[in-house]
Amino acid sequence: MLSPDNRKIAPALPLEPSDLTIGDLLDALADHKDKPLVFRYDGRPVKPGYHVTEVKAGQFSALDCGANPESWSEIFVQLWDVDEGGPVHMPAGKFAAIIRKVADHVALDQSARLTFEVSDGIRPMELHRATQPTLVGNAVEVELSPRPASCKPRDRWLEEQKAASASCCSPASSKACCA
């Protein structure tokens, strides 16, 4: 049940996050092949024995809620959050090798949007987007956050409003709209 206490409502996620691509991720991991690769979600790291159980590539065509045609490519990496692989997290180089092996058999668009499907084998899979990897101690960490639904026409309109406001109120503007 929803609470009228708005302090319990999670803050809104950014409307148009800069989605990490598989190319971005592999580039970031290239210099850290021997370091453990730790994915974090729900405020905690995946278990050390996690598996990459599936990598899928798709081309999508759709019609959004404003009757606008949309098309994009997306890569899904499925993570099974279990503790069956040993006492340490998978090395970044092993993750990259798995992706390269997939690329030998499946065309992977390096600029495709990257989505992680995460489950512990009991709870349903959840869709996540990823942040740029960071070094934390001796490990490479990738923070995963839920991928929210959005209304693309609304998002585009908000971006247009933001751009119009920024251009109107910028120091170089001679418009008096910000007065």
Side-chain angles (χ1 to χ4, degrees), residues 2 8-30 32-33 35-62 64-65 70-86 88-103 106-137 139-152 154-156 158-159:
L2 293 176
K8 294 181 182 177
I9 297 173
L13 295 171
L15 293 175
E16 286 290 331
S18 160
D19 279 309
L20 190 67
T21 66
I22 195 69
D24 294 335
L25 181 56
L26 293 176
D27 287 348
L29 299 179
H32 307 289
K33 293 178 182 167
K35 290 185 172 50
L37 178 58
V38 180
F39 293 96
R40 296 183 59 83
Y41 73 108
D42 290 343
R44 64 174 187 78
V46 293
K47 295 177 180 98
Y50 76 90
H51 292 292
V52 175
T53 56
E54 190 172 73
V55 178
K56 301 177 275 200
Q59 297 290 329
F60 297 92
S61 297
D64 71 20
C65 58
E70 301 283 343
S71 63
W72 69 96
S73 58
E74 192 162 355
I75 294 173
F76 296 85
V77 176
Q78 192 174 100
L79 298 178
W80 189 29
D81 187 14
V82 295
D83 201 9
E84 294 183 1
V88 296
H89 287 87
M90 176 187 307
K94 181 176 179 181
F95 178 87
I98 291 168
I99 301 302
R100 282 194 304 274
K101 177 82 169 174
V102 172
V106 177
L108 295 182
D109 176 357
Q110 296 294 301
S111 64
R113 181 168 88 168
L114 180 59
T115 294
F116 285 86
E117 300 173 327
V118 183
S119 175
D120 60 6
I122 298 168
R123 292 177 24 196
M125 270 194 295
E126 299 172 344
L127 300 180
H128 291 81
R129 58 183 176 210
T131 61
Q132 192 68 21
T134 57
L135 283 176
V136 178
V140 178
E141 289 192 0
V142 177
E143 188 70 36
L144 303 178
S145 61
R147 184 174 293 289
S150 70
C151 171
K152 290 178 183 177
R154 176 187 165 273
D155 295 347
R156 281 191 291 272
L158 287 171
E159 282 301 314

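Note that the OG1 atom of Thr115 and the CZ atom of Phe76 stand 5.0 Å from one another [nearest 0.5 Å]. Distance check, rounded to the nearest 0.5 Å: CD of Gln132 to CG of Asp27 gives 9.0 Å. The structure places CG of Leu144 at 10.5 Å from CD of Glu126, a figure rounded to the nearest 0.5 Å. The distance from the CZ atom of Arg154 to the CD atom of Glu159 is 10.5 Å, given to the nearest 0.5 Å. In this structure, CD in Gln78 is found 10.5 Å from CG in Leu127, a value given to the nearest 0.5 Å. Annotation: the span from Leu79 atom CG to Glu117 atom CD amounts to 9.0 Å, rounded to 0.5 Å.
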List the atom pairs, donor and acceptor, that lie under 3.5 Å between side-chain atoms in residues 89-103 and the rest of the protein, sequence neighbours left out.
unit_1 : atom_1 : unit_2 : atom_2 : d
His89  : NE2    : Val46  : O      : 2.7

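Between Phe39 and Phe116, the two ring planes are tilted [angle within 30° to 60°].
The environment of Lys33 atom NZ is sparse: at most 12 non-hydrogen atoms of other residues, nucleotides or ligands sit within 6.0 angstrom.
Between the side chain of Asp120 and the backbone N or O of Asp81 there is no donor-acceptor pair closer than 3.5 Å.
Here the closest heavy-atom approach between residue Ala130 and residue Leu20 is recorded as O-CB, 3.5 Å. Ala57 and Leu108 get closest at one heavy-atom pair: CB-CD2, 3.7 Å.
Arg113 and Glu70 are not joined by a salt bridge, as no carboxylate oxygen comes within less than 4.0 angstrom of a charged side-chain nitrogen.
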